[in-house]
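Report on the structure given below.
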Amino acid sequence: MNEYEVFEKVASIKNITKVAELMGYTQSAVSHIIRKMEQKYGFPLFERSYSGVKLTANGEALLPYVRGMLNYYNQMQDCIAKINNVNVGSLIIGATSSISTEWLPSVLHIFLQKHPDFQIQLHNYNSSQVYAALQDLSIEVGFLSITPPPESSYITLRKDPLYVLLPKDHPLASLDAIPPELLRSEHFIALGSRHYIHQTFNDMDFTPNIIFTASTNGAVMAMVEQGLGISILPSLRLESNYRDIVIRPLSPGINRTLYLAFSTLAKTNPAVGEFLNDAMVWVYDKYDGDVEFRLGSLIPELTI
């Protein structure tokens with residue numbers, strides 16, 4: 001499995017030096033493994049440049065099969081451990097950055113207290129990437145804010161309301177809640193795909209004027225603090241806010257929905273049901289029961 005693990009890491013990280021550091025190899029050893037694979041298969045797997053490496057079209061075609069094979073191998077190891085009644089195994093999780101930051105450290109702390117020898121792989125993705133990873137079986141469990149793929153099983157966790165972020169001296173800062181129609185003339189600072197801003201005005205004949213797009217919550221909030229514009233973000237992305245800004249709900253309220261999903265492959269992993277249970281209990285306690293647990297399809301046995 002070693003060469004496939006190297007291939008998958010290089011495909012994901014796109015930097016041979018970083019992969020070597022991560023896996024405890026020399027850079028030349030990783031390059032040698034890739035070259036041997038290319039010689040064995042008869043075609044290049046990566047295009048190399050000064051900025052890093054990226055998959056060729058043939059490499060892209062192989063990637064989902066390699067990820068599936070690695071996951072099946074991990075599942076086999078989990079099965080062997082279960083047969084031998086050994087409390088070890090692995091779990092591969094994909095999650096958006098806000099959930100990775102605000103939820104998963106606490107959930108994983110609870111889970112690993114009971115299973116200290118478990119290996120956890122956590123991949124930070126956006127929701128579309130979590131969706132794709134559930135489909136190609138490169139993750140077992142995924143947290144996302146779009147409806148999971150139909151072949152996966154999932155739980156609806158809770159509604160996550162959207163909020164308007166304003167500079168302190170903004171005229172709308174005096175309002176307790178802000179109707180979207182009052183934002184027509186504003187300059188917006190968007191996060192990533194701009195989804196939250198477009199969701200706010202989805203039912204209005206209006207295209208928001210987005211003047212900046214930033215890749216992190218902190219960058220968006222820093223720009224708002226400096227009066228460069230306003231923004232709209234969900235509450236989960238605001239839990240670690242330390243900026244001197246004004247945050248107001250929309251009126252009427254607009255929400256995104258947070259889901260916990262698992263792929264078909266995860267159904268063979270005995271740890272998945274317990275992890276789902278730990279996650280649901282933690283979310284329930286954190287929000288004092290303000291949750292919306294609904295089962296999207298058959299899930300592992302839960303004890304909540």
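FYI, side chains are in, hydrogens and waters are out, and symmetry mates aren't considered; it's all heavy atoms of this structure.
Within a 6.0 Å radius of NE2 in His198, more than 12 heavy atoms belonging to other residues, nucleotides or ligands are found.
The main-chain N or O of Ser127 is never found under 3.5 Å from a side-chain atom of Thr96 such that the two would form a donor-acceptor pair. Between the side chain of Asp160 and the backbone N or O of Leu236 there is at least one donor-acceptor pair closer than 3.5 Å. Formation of a donor-acceptor pair under 3.5 Å by the Thr56 side chain with backbone atoms of Leu45 is found in this model. A donor-acceptor pair is defined here as one N or O able to donate and one able to accept, closer than 3.5 Å; such a pair exists between the side chain of Arg248 and the backbone of Ala173.
Within the 4.5 Å cutoff, no side-chain heavy atoms of Leu258 are placed close to those of Phe143. By the 4.5 Å heavy-atom criterion applied to side chains, Ile33 and Val10 are not counted as neighbours. Looking only at side-chain heavy atoms (C-beta outward), Glu186 and Pro208 stay at 4.5 Å or farther from each other. The closest side-chain heavy-atom distance from Phe201 to Leu183 is below 4.5 Å. Contact of the Phe188 side chain with the Ile230 side chain is registered, since non-hydrogen atoms from C-beta on lie closer than 4.5 Å. Residues Asn74 and Gln119 are not in side-chain contact: their nearest non-hydrogen atoms beyond the backbone lie 4.5 Å or more apart. Two residues are said to be in side-chain contact when any heavy atoms from C-beta on lie closer than 4.5 Å; Pro167 and Val224 meet this criterion. Under the 4.5 Å side-chain criterion, counting only non-hydrogen atoms from C-beta, Leu162 is in contact with Gln199.
Exactly one residue among Leu238, Leu233, Val164 makes a side chain to side chain contact (heavy atoms under 4.5 Å, CB included) with Ile247. That residue is Leu238. The residue from Leu108, Ile120, Ile139 that alone fulfils the side chain to side chain contact (heavy atoms under 4.5 Å, CB included) condition with Leu91 is Ile120. The one candidate from Lys9, Glu8, Lys14 that meets the side-chain hydrogen bond (donor to acceptor under 3.5 Å, both in side chains) condition with Ser12 is Glu8.
A continuous path of ILVMFWY side-chain contacts below 4.5 Å connects Leu172 to Ile211, so both sit in one hydrophobic cluster. With hydrophobic clusters built from ILVMFWY side chains whose heavy atoms lie under 4.5 angstrom apart, Phe43 shares a cluster with Met37. Grouping the Ile, Leu, Val, Met, Phe, Trp and Tyr side chains by contacts below 4.5 angstrom, directly or via other members, places Val66 with Tyr41. Using a 4.5 Å cut-off between side-chain heavy atoms of Ile, Leu, Val, Met, Phe, Trp and Tyr, with links allowed through other members, Ile146 and Val130 fall into the same hydrophobic cluster. Both Leu112 and Ile110 sit in one connected hydrophobic cluster of ILVMFWY residues. Membership requires side-chain heavy atoms under 4.5 Å apart, directly or through other members.
Ion pairing between a basic and an acidic side chain is recognised when a charged N comes within 4.0 Å of a carboxylate O; Lys286 and Glu239 show such pairing.
The structure places CG of Asp244 at 4.0 Å from NZ of Lys168, a figure rounded to the nearest 0.5 Å. With rounding to the nearest 0.5 Å, the separation of CD1 in Ile92 from CZ in Arg67 is 10.0 Å. Interatomic distance, CG of Leu191 versus OG of Ser215, reported as 8.0 Å (0.5 Å rounding). Taking CG from Asn255 and CZ from Arg158, the interatomic distance works out to 9.0 Å, rounded to the nearest 0.5 Å. From His115, atom NE2 reaches atom OG of Ser90 across 12.5 Å, with rounding to the nearest 0.5 Å. Taking NE2 of His170 as the reference point, atom CD1 of Ile245 lies at 12.5 Å (rounded to 0.5 Å).
Residues Phe118 and Phe275 place their aromatic rings such that the two centres sit no closer than 6.0 Å. Centroid-to-centroid, the aromatic rings of Phe46 and Phe7 come within less than 6.0 Å.
Counting all heavy atoms, side chain and backbone alike, Glu5 lies closest to Leu70 at CG-CD2, 3.6 Å. Minimum interatomic distance between Tyr259 and Leu157 (heavy atoms only, all atoms of both residues): C-CD1, 4.2 Å. Of all non-hydrogen atoms in Gly142 and Leu134, the two that sit nearest each other are N-CD2, 4.1 Å. Considering every non-hydrogen atom in both Ser138 and Asp136, the closest pair reads OG-OD1, 2.7 Å. Considering every non-hydrogen atom in both Ala190 and Ile210, the closest pair reads CB-CG2, 3.8 Å. Heavy atoms only, all atoms of each residue included: Ile232 and Thr200 are closest at CD1-OG1, 3.4 Å.
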Next item on the list: Determine, step by step, whether Met221 and Asn241 satisfy the side chain to side chain contact (heavy atoms under 4.5 Å, CB included) criterion, reporting the C-alpha distance in whole Å, the side-chain angles of both residues, the deciding distance to 0.1 Å, and the verdict.
Entry: CA-CA 8 Å; Met221 289 186 270; Asn241 171 44; 3.1 Å; yes
Margin query: Working note: Arg237 + Leu165, criterion side chain to side chain contact (heavy atoms under 4.5 Å, CB included); need CA distance, chi angles, decisive distance, verdict.
Written below: CA-CA 12 Å; Arg237 289 189 174 272; Leu165 282 58; over 6 Å; no
Checklist line | side chain to side chain contact (heavy atoms under 4.5 Å, CB included) between Asn202 and Ile254, worked out | finding: CA-CA 11 Å; Asn202 191 44; Ile254 299 174; over 6 Å; no
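The side-chain contact (heavy atoms from CB on, under 4.5 Å) test applied to Ser100 returns Ala95, Leu104, Leu122, Asn124, not counting sequence neighbours.
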Only pairs under 3.5 Å count here: list side-chain donor-acceptor contacts from residues 19-30, not counting sequence neighbours, and write none if there are none.
{"unit_1": "Tyr25", "atom_1": "OH", "unit_2": "Asn2", "atom_2": "OD1", "d": "2.5"}
{"unit_1": "Thr26", "atom_1": "OG1", "unit_2": "Ser28", "atom_2": "OG", "d": "3.2"}
{"unit_1": "Thr26", "atom_1": "OG1", "unit_2": "Ala29", "atom_2": "N", "d": "3.1"}
{"unit_1": "Gln27", "atom_1": "OE1", "unit_2": "Thr17", "atom_2": "OG1", "d": "3.0"}

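The aromatic rings of Tyr125 and His123 sit parallel to each other, their planes meeting at less than 30°, with 60° as the upper class boundary.
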